[in-house]
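Heads up, the thing below is written out as structure tokens.
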Amino acid sequence: MSSASIKAVRGTRDLLPPETELWNRVEATARAVFARYHFGEIRTPLFEDTSLFARGVGEETDIVSKEMYTWEDRARAASEKPQSLTLRPENTAGVVRSYIEHKLGDTGNLQKLFYIGPQFRRERPQRGRYRQFWQIGAEVIGPPSSGSESPIRDAEVLEMLATLLDELGITGWNLQLNSVGSATDRPRYVAALREALAPIKDRLCPDNQRRAETNPLRVLDSKDEADQDLINALPKIADFLDEASTSHFQQVLAALDACGVPYTVNPRLVRGLDYYTRTTFEFTHSVGLGSQNALLGGGRYDGLSEMLGGPRAPGIGFAIGEDRLILTLQAQAEAAGTSSATDKIDAYIAPMGAAQNASALALARSLRREGLSIETGDGTFRLKKSFDTADKIARHIVILGEDEAATNTYTVKTFATGIQSKIERSALTAALLA
Ligand code: AMP
């Protein structure tokens, strides 16, 4: 057997402290903002029946055709067929499955649900693109009578995202949006695209030639430099929208104007997934992400519930790439010369000799129960080592020797001021919080 050490699988990574503190701060801010907009949390399973994604996301999408982690589960009995299971590549399909399964539409109310969790796609790993990555997302879905189809829902979701990015401290984000029309507009547009692509197809890169055949909308997503002029000259979806979709889009834009949320209409933003109708959007950012500059994406999916065998339930949602959000915040902090370093703990207790180890733990216990953050050293450490360690991680060091234990009075040094003094236990908590 090889004795080589085992590493994290390609495209996956460990998130370690102190970086995880930033992750927690981002998630806490997201939860606080979602609560203010009346969203509740949903947690769906990490794996689902493969057919959910084949039907919900679309067989012809890159995600389903190339990127899913799928396996056959062992059958429980010889008579049973093995079930095909898939690690979720995104969370909207799972949320809508759950909405249908639990008959959430029967309440008649609009459902506003958010999730935070890992997703899995077998993409080529690079900066900002991983095979296990995290998404923070939300869905607004309900029967038409709940107002789920209203353009105000789209605008509210977009305005909430602008608020969330502002509160996280992301500066210089750019909201791009478009309308991909209704379930009947889209096929008309796709047919026109196919027609326009046919005579120029041979001049496109091999990837776009394949897309032109399988999923022509994806050609519009292409970043291939050489193909840009040809792509810009293709028909625009705006010219294929029916009156209702056009009016819906105009109302979304007007509501954003009323709220003062800036945006850019991008006629090429059609997004890869089959389920989108009407409003589609992305928030991009130019700092720290390189070519993977989409911080988040989303859109309306008025027909998705029916595609999954459910009742009519229009909806709109988004997924933020949390990994990319973190990279952006780190790049911003670096550019501004501020560190994203974490706060120091309140105190480090240094027992003088192994005999004081238990007293140190007891003192730590009582201080921690009062809410202080404490680390303890070990009686075998030399005093210099204790001071060096404490200086790196704590604001104060508390020396606990035989005398201190006997008199309940401790030697405390505050690193910021360099002042050292003797402090009684009754005054210790306040001193360490100072
Ligand atoms: P999508 O579900 O493809 O619309 O993606 C929504 C957001 O998730 C994107 O804008 C990215 O920020 C993020 N994302 C998608 N795929 C990955 C990946 N492989 N690694 C990291 N983030 C991703």
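Both ligands and their constituent atoms are indexed starting at 1 by order of listing. Source: prediction; values computed, not measured. One-based numbering along the sequence shown.
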| Residue that, paired with Tyr348, satisfies side chain to side chain contact (heavy atoms under 4.5 Å, CB included) out of Val398, Thr376, Thr389, Asp391 | Thr389
| task | Among Gln132, Arg88, Arg122, Arg121, find the one that has a side chain to side chain contact (heavy atoms under 4.5 Å, CB included) with Tyr69. | result | Arg122
| message | Need the ligand 1 atom indices (1-based, order shown) with element for anything under 4.0 Å from a heavy-atom of Glu123. | response | 16 (N), 17 (C), 18 (C), 19 (N)
| query | By number and element, which atoms of ligand 1 are closer than 4.0 Å to a non-hydrogen atom of Ala319? | reply | 6 (C), 7 (C)
Which protein heavy atom lies closest to [atom], and at what distance to 0.1 Å?
atom                    : result
atom 11 (C) of ligand 1 : Arg324 NH1, 3.4 Å
atom 23 (C) of ligand 1 : Phe133 CD1, 3.4 Å
atom 13 (C) of ligand 1 : Gly321 CA, 3.5 Å
atom 21 (C) of ligand 1 : Gly128 O, 3.2 Å
atom 4 (O) of ligand 1  : Arg271 NH2, 2.3 Å

| task | Go through the side-chain N and O atoms of Arg131 and Gln119 and say whether any donor and acceptor fall under 3.5 Å apart. | result | no
Any salt bridge linking [X] with [Y]? Criterion: basic side-chain nitrogen under 4.0 Å from a carboxylate oxygen.
X      : Y      : result
Glu375 : Lys344 : no
Arg218 : Asp62  : yes
Arg31  : Glu41  : yes

| ligand 1 versus Leu295, non-hydrogen atoms closer than 4.0 Å: side chain, backbone, both, neither? | backbone
| field | For atom 3 (O) of ligand 1, the option (of Glu67, Glu90, Arg121) bearing the nearest heavy atom | value | Arg121
| request: Measure across Ser222 and Arg211 and return the closest heavy-atom pair with its distance rounded to 0.1 Å. | output: CB-NH1, 3.7 Å
Are any of the N/O atoms on [X], whether in the backbone or the side chain, positioned under 3.5 angstrom from an N/O atom of ligand 1?
X      : answer
Ala294 : yes
Gln135 : yes
Tyr130 : yes

| field | Ring centre gap for Phe39 and Phe114 strictly below 6.0 Å | value | no
